[in-house]
Structures are given as C-alpha cells and as structure tokens.
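Here is the structure we will look at.
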Number of protein chains: 2
Amino acid sequence: MLSSACQDTIRAAVWLSTKPQDEYHHIQKISDALDLPYHFLAKSLQTLVHCNILISRRGANGGVKLAKASCDITLISLIEAVDGSTFFDACVLGIGDCEDEKPCALHAQWEKWRTEMHEMYSAMRLDEITDDVLLRKIKRL
Amino acid sequence: MLSSACQDTIRAAVWLSTKPQDEYHHIQKISDALDLPYHFLAKSLQTLVHCNILISRRGANGGVKLAKASCDITLISLIEAVDGSTFFDACVLGIGDCEDEKPCALHAQWEKWRTEMHEMYSAMRLDEITDDVLLRKIKRL
DNA sequence: CCTATTTAAGATTAAAAAATCTGAAATAAT
DNA sequence: ATTATTTCAGATTTTTTAATCTTAAATAGG
C-alpha cells in the first residue's frame with residue numbers, strides 16, 4: 001500500500017511536527033528516535049527537501065526542519081512526494097491502460113475507494129495527527 | 001496493494017468463471033488469453049488448488065476448473081489464498097505491534113478502511129464480476 | 001503398455017525494492 | 001583558517017519479489 005520509504009517519511013514528518021518549527025534536527029536523531037535506518041530515511045527526507053516540505057542545513061548544528069506550519073502540510077503531499085501518485089492511478093488488477101472507457105472488472109468499485117482515500121489523505125494534515133498524538137497519548141509516531 | 005501474483009490469480013479466476021464450470025482448461029490457455037507469464041500463473045493457481053478453490057487434473061486433456069460455482073467463491077478467499085491476510089492486519093505505518101491498545105497515529109482512520117475493504121472483498125463474488133463483465137461488455141478480465 | 005500431454009514441485013535466475021556505504025560539499029564553532 | 005559535524009549524491013550490497021527452468025508424476029487415448 002505505502003512503500004516502507006513512505007512510511008518512514010510520514011513517521012519522521014509527524015515526529016518533526018511535534019517539535020518547534022524553527023529548530024533544525026539531525027536526521028540521525030530522528031532515525032534513532034523512530035528506530036529507522038539512517039541512510040534510507042535520509043534519502044527519503046531529501047526528497048521532501050526538494051519538494052519544499054522540509055528545509056535542510058548542512059554542517060554543524062545542521063539538520064532538517066519543516067518548511068511550513070504543520071497545519072499547511074497534507075498527508076497526500078508526503079505520500080506523492082515519496083511514492084508518486086501511481087497508487088491513485090493504477091489499476092487494481094494491474095492492467096496497464098485500464099480507464100473509465102475501458103474499465104477492468106473491479107474498476108468501478110475501486111474508483112470509489114481510491115477517491116475516498118485520496119480525499120482523506122488530502123484533508124489530513126500533520127497538525128491533526130500531532131494533536132491526536134498529544135491528546136490520546138499515542139507514543140507511536 | 002495486491003501482489004502481482006494475486007492480480008494474476010484474480011484475473012484467471014474471473015476468466016474461468018466465464019466458462020462452463022465442469023470443463024478443464026489448460027493453464028497455458030489462460031496465460032495466453034490474459035497475457036500472463038505461464039509458470040508464475042501456474043504456481044499461483046496451484047495455491048488455489050490447495051485451498052480447494054480450483055480442481056486440477058494432470059495429463060492429456062487436463063487443466064484446471066473451478067471447484068465450486070462462481071457464486072460461492074468470494075474475492076477475499078482468492079486474495080487471502082495468495083497474499084495471506086497481512087494487509088488486513090498490518091499497520092499502515094509499518095509499526096510491528098500496532099494494535100487497538102497501542103495504536104499508531106493513523107490507526108483509527110485506517111481501521112475503518114480496512115474493515116470496509118475486507119467487507120467488500122468478502123461480499124464480492126466471482127459471478128457478480130462475471131455478470132458485470134458480460135453486461136457492460138468489459139473485455140478486461 | 002506406450003506416448004504425448006499437462007500439472008506439480010522445487011531449484012534457479014532476474015528484477016525490483018530496501019538498505020548500506022563512501023566520498024564530497026557545506027556550515028558553525030573554535 | 002582549521003576542524004568537527006552533518007547533509008548530499010551516487011554507487012554498492014542485500015533482501016524480497018517476480019519470473020523462469022527443469023525434472024518428476026499423473027492421465028487420457030491410441
């Protein structure tokens with residue numbers, strides 16, 4: 001469903017959103033906190049830097065931070081940055097050019113879910129997740 | 001979302017459900033019709049034989065056929081046979097022991113979808129897909 | 001009984017995804 | 001300036017998944 005790189009990225013973004021926005025944080029610190037492989041996470045986070053979701057700074061006291069307030073970062077922007085939007089286009093039966101005009105047998109059913117998921121991911125913002133985490137004392141970023 | 005083996009299997013099952021139930025069909029014929037790799041498909045179909053969804057016969061005039069009427073075969077049985085039920089258990093953020101007591105940040109949202117999908121897959125039967133295919137002249141099995 | 005045919009099963013290879021490594025470039029602090 | 005730190009970028013390795021190959025076993029038909 002989501003690639004492991006994408007899962008890592010989301011967890012890292014949620015973690016960052018629980019910190020003051022203007023602080024830089026070492027990727028090493030994030031990977032330690034979330035128990036994720038450093039180099040693999042670093043690469044995914046670079047992608048977010050390129051998409052202007054994160055800002056990075058090299059060198060001593062460098063690190064990464066959110067480029068905007070967490071209420072302005074949608075989940076869909078993270079997912080599409082890392083995994084692309086193939087899931088939201090791709091046929092559930094793997095048929096290359098399955099489309100509305102030439103649908104596969106499951107096309108209609110899936111179209112509905114895909115739209116729902118896309119809407120939900122688009123509506124979901126980092127700050128909501130953070131609030132949820134703080135309120136319900138969820139420790140699993 | 002679904003492995004390619006699972007996609008192949010579903011397509012093959014739908015194809016078989018458009019044929020008389022008592023006829024054996026060569027796996028080669030199915031893989032030709034659906035343009036799928038023969039050996040890869042054969043292996044997935046073997047899994048269905050073990051799960052009593054298909055019956056196979058070796059030798060001349062052998063092949064595979066549905067073990068029961070297509071109205072008695074649910075989509076979920078195909079999916080779980082080939083891919084297992086990990087998708088319906090696994091955490092969307094990939095956290096090993098994410099559960100109701102120790103949920104991840106997206107747990108609640110996902111629980112809803114997972115349940116919906118599971119219900120939909122459980123409710124969806126091969127004959128419905130076939131009818132859909134015949135009615136709407138969908139040529140993409 | 002013999003042969004052509006076809007699935008069964010496991011081994012092998014290829015491709016894709018995930019994870020790691022290495023060296024370079026940038027930055028802050030001394 | 002020099003040094004320690006830390007991201008950047010691309011190469012490499014490992015693991016997983018997908019695809020193929022090979023041999024055996026079973027079956028129908030002559």
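Not measured: the values here are computed from a predicted model. Naming convention: chains lettered A, B, ... in sequence-line order (proteins, then strands); numbering from 1 in each chain. Scope of the values below: all heavy atoms of this structure, side chains included, with no hydrogens, waters or symmetry mates.
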DNA chain D: Val64(A) or Lys43(A), which has the more 5' nearest nucleotide?
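That would be Val64(A).
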Between His39(A) and Ser3(B), which is nearer to the 5' end of DNA chain D once each is assigned its nearest nucleotide?
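Comparing both residues, the 5'-ward one is His39(A).
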Reading DNA chain C from 5' to 3', where do the contacts with chain B start and stop? Cut-off is 4.0 Å to heavy atoms.
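The footprint of chain B covers dT5(C) to dA11(C).
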Quick one: do Tyr38(B) and Ile27(B) satisfy side chain to side chain contact (heavy atoms under 4.5 Å, CB included)? Show the steps, please.
CA-CA 7 Å; Tyr38(B) 170 79; Ile27(B) 295 177; 3.7 Å; yes
Name the orientation class of the two ring planes belonging to Trp110(A) and Tyr121(B) (parallel below 30°, tilted from 30 to 60°, perpendicular beyond 60°).
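Because their plane-to-plane angle lies in the 30° to 60° range, the rings of Trp110(A) and Tyr121(B) count as tilted.
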Base, sugar-phosphate, or nothing for Ile27(B), non-hydrogen atoms under 4.0 angstrom?
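Counting heavy atoms under 4.0 Å across all strands, the contact made by Ile27(B) is with sugar-phosphate only.
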Any chance you could measure Arg114(A), atom CZ, to Glu116(A), atom CD, to the nearest 0.5 Å?
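Separation between the atoms: 12.5 Å.
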Does Ser56(A) have any side-chain hydrogen bond (donor to acceptor under 3.5 Å, both in side chains) partners at least two apart in sequence or in another chain, and if so, which?
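Residues passing side-chain hydrogen bond (donor to acceptor under 3.5 Å, both in side chains) with Ser56(A): none at all.
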With nearest nucleotide decided by heavy atoms, which residue, His26(B) or Leu41(A), maps closer to the 5′ end of DNA chain C?
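It is His26(B), whose closest nucleotide lies nearer the 5' terminus.
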For DNA chain C, whose closest nucleotide is more 5', that of Phe40(A) or that of Gly59(A)?
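Here Phe40(A) is the residue nearer the 5' end.
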Any donor-acceptor N/O pair, Arg58(B) side chain to Gly62(B) backbone, under 3.5 Å:
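Pair absent, no side-chain N/O of Arg58(B) close to backbone of Gly62(B).
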Going 5' to 3' along DNA chain D, between which two nucleotides do contacts with chain B fall, using a heavy-atom cut-off of 4.0 Å?
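Nucleotide range with atoms under 4.0 Å of chain B: dA18(D) to dG29(D).
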Within 6.0 angstrom of Asp35(A) CG, more than 12 heavy atoms from elsewhere
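Not buried by this count: 12 neighbours or fewer within 6.0 Å.
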Should Phe88(B) and Ile76(B) be marked as a side chain to side chain contact (heavy atoms under 4.5 Å, CB included) after you check the CA-CA gap, both sets of side-chain angles, and the distance that decides it?
CA-CA 11 Å; Phe88(B) 301 105; Ile76(B) 193 81; 3.7 Å; yes
Verify same cluster id: Leu45(A), Ile55(A) (apolar side-chain graph, 4.5 Å):
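The answer is no; the residues belong to distinct hydrophobic clusters.
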